[in-house]
Amino acid sequence: MFCTPIRRMATAARKPLKKSLKIGLIPADGIGKEVIPAARMVLQTLGPDLPKLEFVDLLAGWEVFTRTGSALPEETIHALRECDGALFGAVSSPSRRVTGYSSPIVALRKELDLYANIRPVISVSDFPEDKPAVDLVVVRENTECLYVKQEELTHTEHGKEARATRLITERASRRIGKMAFEIALGRPRKQVTIIHKANVLSVTDGLFRETIRQIPAESKGRYDSVKVEEQIVDSAVYRLFREAQIYDVMVAPNLYGDIISDGAAALVGSLGLVPSINAGDNFVMGEPVHGSAPDIEGKNIANPIAAIRSAALMIRHLGYTDGADRIDLAVEQVIREGDALTPDLGGISTTGDVFEAVLKKL
């Protein structure tokens, strides 16, 4: 009843393998500057499982904005268009409104049309032969919903009034739905659960739900083996914490997918374990699910596993499955043995201790 681990998760159709790979590295803010170098070192350790690697160090984030007035320099966007893939660390976007600032990761997703945020959430069983208690994938639409950032503040006789535009299109819903179905095809349970709130938001979530439900009928039989379920988002969160094993592939609009996947991380121990990729038809960017964690920045206790797993997801999406398998197996062994765990997992190890343990397993 459980699904396959991250290392055998299908994503999209792969291009032919290359003789060299150019990878953009964007540590950005906070602990991103600590975990992305760890992921880079792990990739370099794979040797013949990857072609010749070229890394390009790039800038983005709140700190860059405070120095230059731009959170996402044009040079970074241009350089990424010349890369085969990228790794993004974390960004310290302020909670208050700052004139001229916009989240660079949200902007990158739009600039590179990375319409799918794919977040596998998997626990590590006590014994290698046992199935994981949690094994699901959240497929989050990455370009629309409330993240289009069309907001306005007006003044009325009763005080301030804030409004935000929520955008859901048939095109974006269809392509994120197809991505979810493609992932489900590569997993034993072959189940897609549509997450929505169409009982209240009948127009926007209604369009998302209806578009994805129509995909099997339009696929000429390709998805006949995939079971389609649906769940109201608040009920989905409740059931996620009560019976996570009922889920296989969850597909959701941008905001719901963001919240669900962060919540699901609690089921496997820490945000520091959960990876993701931002994927489009022509580019892929790995990104750990955790934030910039300014409270632990510079203390050498940030968990690098989410970033390392994100690197594995990135190269898997590019077609280098052997290298990705090696990384995932090494990470699982380190977690299972429990000798090198950072404080978020109840351990006392440093960031360096953990990635050194992974390197030894490799």
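Bear in mind the structure is a predicted one, so any value in this text is a computation, not a measurement.
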Between side-chain atoms of residues 24-52 and protein atoms elsewhere (two or more places apart, or another chain), which donor-acceptor pairs fall under 3.5 Å?
unit_1 : atom_1 : unit_2 : atom_2 : d
D29    : OD1    : W62    : N      : 3.4
D29    : OD1    : E63    : N      : 3.2
D29    : OD2    : W62    : N      : 2.7
D29    : OD2    : S92    : N      : 2.9
K33    : NZ     : E63    : OE1    : 3.0
K33    : NZ     : E63    : OE2    : 3.1
K33    : NZ     : E297   : OE2    : 3.3
E34    : OE2    : G298   : N      : 2.7
T45    : OG1    : M41    : O      : 2.8
D49    : OD2    : R326   : NH1    : 2.7

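Counting only distance, with no hydrogens or angles, the side chain of S349 and the backbone of L341 share a donor-acceptor pair below 3.5 Å. In terms of modelled atom types and a separation under 3.5 Å, the side chain of T68 and the main chain of V64 share a donor-acceptor contact. No side-chain donor-acceptor contact under 3.5 Å links S93 to the backbone of S103. Under the 3.5 Å distance criterion, the side-chain polar atoms of S202 are left unmatched by any main-chain donor or acceptor of N199. At distances below 3.5 Å, not a single donor-acceptor pair connects side-chain atoms of R174 with backbone N or O atoms of Q214. No donor-acceptor pair under 3.5 Å is formed between the side chain of T342 and the backbone N or O of A302. Put simply, the side chain of S276 never gets that close to the backbone of V289: no donor and acceptor are under 3.5 Å apart. Between the E54 side chain and the V56 main chain, no donor and acceptor come within less than 3.5 Å of each other. D248 contributes a side-chain N or O that, together with a main-chain N or O of K190, makes up a donor-acceptor pair within less than 3.5 Å. Side-chain atoms of R140 come within 3.5 Å of backbone N or O of N254 as a donor-acceptor pair.
Proximity of K18 to Y320: side-chain heavy atoms (C-beta onward) are separated by under 4.5 Å at one or more points. Between L112 and R81, some side-chain heavy-atom pair lies under the 4.5 Å cut-off. Contact annotation: the side chain of K360 never approaches that of V334 to less than 4.5 Å [non-hydrogen atoms, C-beta and beyond]. At least one side-chain heavy atom of S125 sits less than 4.5 Å from a side-chain heavy atom of R336. Under the 4.5 Å side-chain criterion, counting only non-hydrogen atoms from C-beta, V192 is not in contact with V139. Taking 4.5 Å as the limit, every side-chain heavy atom of Y223 sits out of range of all side-chain heavy atoms of V228. Residues D325 and R316 have side chains in contact (heavy-atom distance under 4.5 Å, counting atoms from C-beta outward). Looking only at side-chain heavy atoms (C-beta outward), R119 and D258 come within less than 4.5 Å of each other.
In this structure, E170 CD and R175 CZ are separated by 13.0 Å, a value rounded to the nearest 0.5 Å. Here the straight-line distance linking atom CD1 of I308 with atom CG of L87 works out to 11.0 Å at 0.5 Å rounding. Expressed to the nearest 0.5 Å, how far NZ of K361 lies from CG of L329 amounts to 9.5 Å. Here the CG atom belonging to L72 is positioned 12.0 Å from the NZ atom belonging to K110, to the nearest 0.5 angstrom. Interatomic distance, I301 CD1 to T350 OG1, rounded to the nearest 0.5 Å: 10.0 Å. Rounding to the nearest 0.5 Å gives a distance of 5.0 Å between CD1 of I277 and NE2 of H317.
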**Request:** Take D234 and K197 through the side-chain contact (heavy atoms from CB on, under 4.5 Å) test and state the conclusion after the steps.
**Result:** CA-CA 8 Å; D234 42 342; K197 189 70 175 176; 3.1 Å; yes
**Request:** Report the C-alpha distance between I105 and M285 in whole Å, list the side-chain angles of each, state the deciding distance to 0.1 Å, and finish with yes or no for side-chain contact (heavy atoms from CB on, under 4.5 Å).
**Result:** CA-CA 10 Å; I105 187 62; M285 179 169 63; 3.5 Å; yes
**Prompt:** Which is it for D205 and R166 under the side-chain contact (heavy atoms from CB on, under 4.5 Å) test, yes or no, and what are the steps along the way?
**Reply:** CA-CA 10 Å; D205 276 17; R166 185 172 192 253; 2.7 Å; yes
**Asked** Going through the checks in order, is the salt bridge (Lys or Arg N to Asp or Glu O under 4.0 Å) test met by E151 and R97?
**Response** CA-CA 11 Å; E151 298 179 287; R97 181 182 179 184; over 6 Å; no
**Verdict with reasoning, I327 to I315, per side-chain contact (heavy atoms from CB on, under 4.5 Å)** = CA-CA 10 Å; I327 292 174; I315 63 172; 4.2 Å; yes
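The hydrophobic cluster containing V137 also contains L185, counting ILVMFWY residues as joined when their side-chain heavy atoms lie under 4.5 angstrom apart, directly or transitively. L146 and L167 end up in different hydrophobic clusters when Ile, Leu, Val, Met, Phe, Trp and Tyr side chains are linked at under 4.5 Å. A chain of hydrophobic side-chain contacts below 4.5 Å, direct or via other Ile, Leu, Val, Met, Phe, Trp or Tyr residues, connects M250 to V268. Each of I168 and I232 belongs to its own hydrophobic cluster when Ile, Leu, Val, Met, Phe, Trp and Tyr are linked at side-chain heavy-atom distances under 4.5 angstrom. The cluster map of Ile, Leu, Val, Met, Phe, Trp and Tyr, joined by side-chain heavy atoms under 4.5 Å apart, puts L267 and Y238 in different clusters.
Residues A264 and V121 come closest through the heavy atom pair O-CG1, 3.6 Å. The shortest heavy-atom contact between A79 and L58 is CB-CD2, 3.5 Å. Summarising the geometry of N303 relative to H290, their closest heavy-atom pair is O-NE2, 4.3 Å, with the distance given to 0.1 Å. Between F181 and P216, the shortest heavy-atom contact is CZ-CG, 3.6 Å. Between S123 and P132, the shortest heavy-atom contact is O-CB, 3.2 Å. In this structure, L318 and D84 approach most closely via the heavy-atom pair CD2-O, 3.6 Å.
In this structure T193 satisfies the side chain to side chain contact (heavy atoms under 4.5 Å, CB included) test together with Q191, I195, E229, Q231, Y247, sequence neighbours excluded. In this structure, S173 has no side chain to side chain donor-acceptor pair (under 3.5 Å) partners at least two apart in sequence or on a different chain. Residues satisfying the side chain to side chain contact (heavy atoms under 4.5 Å, CB included) criterion with S95, sequence neighbours excluded, are absent altogether. In terms of the side chain to side chain contact (heavy atoms under 4.5 Å, CB included) criterion, residue partners of I259 (sequence neighbours excluded) are, by chain and number, L255.
Side-chain contact annotation: E144 with T169, donor-acceptor N/O pair under 3.5 Å present. In summary, the side chains of Y147 and N142 do not present any donor paired with an acceptor at a separation below 3.5 Å, with no hydrogens or angles considered.
Within a 6.0 Å sphere centred on CD1 of I348, other residues, nucleotides and ligands contribute 12 heavy atoms or fewer. Atom CD of E74 sits in a sparse spot, with 12 or fewer heavy atoms from other residues, nucleotides or ligands closer than 6.0 Å.
V203 belongs to no hydrophobic cluster, as no Ile, Leu, Val, Met, Phe, Trp or Tyr side chain comes under 4.5 Å of its own.
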